[in-house]
Amino acid sequence: SDSDALALARHAAASWIQEALKQNFTLARATALASERPWGGKLYSASTLEIREAINYVRLRWLSRHLARAKDEAKSIAAAKAVIEEIEKEVDETLGQ
């Protein structure tokens with residue numbers, strides 16, 4: 001079905017963006033590159049819902065990976081929250097949100 005094809009395209013885009021991040025591309029650059037590739041036989045701009053959902057998926061995974069950093073850097077729950085907020089701000093600025 002069309003929704004299955006879209007879900008597969010979205011997953012493929014998210015996986016591709018993750019691999020680009022592992023190769024030290026910024027999230028903004030990885031997203032720009034992903035928007036130049038066909039997903040499910042179609043091209044999507046970085047601002048389309050399909051790519052945005054893939055980005056949000058990657059964003060959540062990226063944040064979860066950095067929770068360990070927050071735990072290491074923080075000596076208290078309040079300090080951990082501050083580090084997490086800093087990381088979220090950094091990600092949002094990178095995504096232009």
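Please read these numbers as outputs of a predicted model, since none were measured by experiment.
- Note that NE2 of His11 and CH2 of Trp39 are 10.5 Å apart. Values are rounded to the nearest 0.5 Å.
- Closest approach of Ala20 and Ala30 over heavy atoms only: CB-CB, 3.7 Å.
- Closest of all the heavy-atom pairs between Ser35 and Leu43 is O-CD2, 4.3 Å.
- In this structure, Asn24 CG and Arg29 CZ are separated by 14.0 Å, a value rounded to the nearest 0.5 Å.
- Inter-residue side-chain proximity for Leu33 and Trp16 is flagged as met; some heavy-atom pair is nearer than 4.5 Å.
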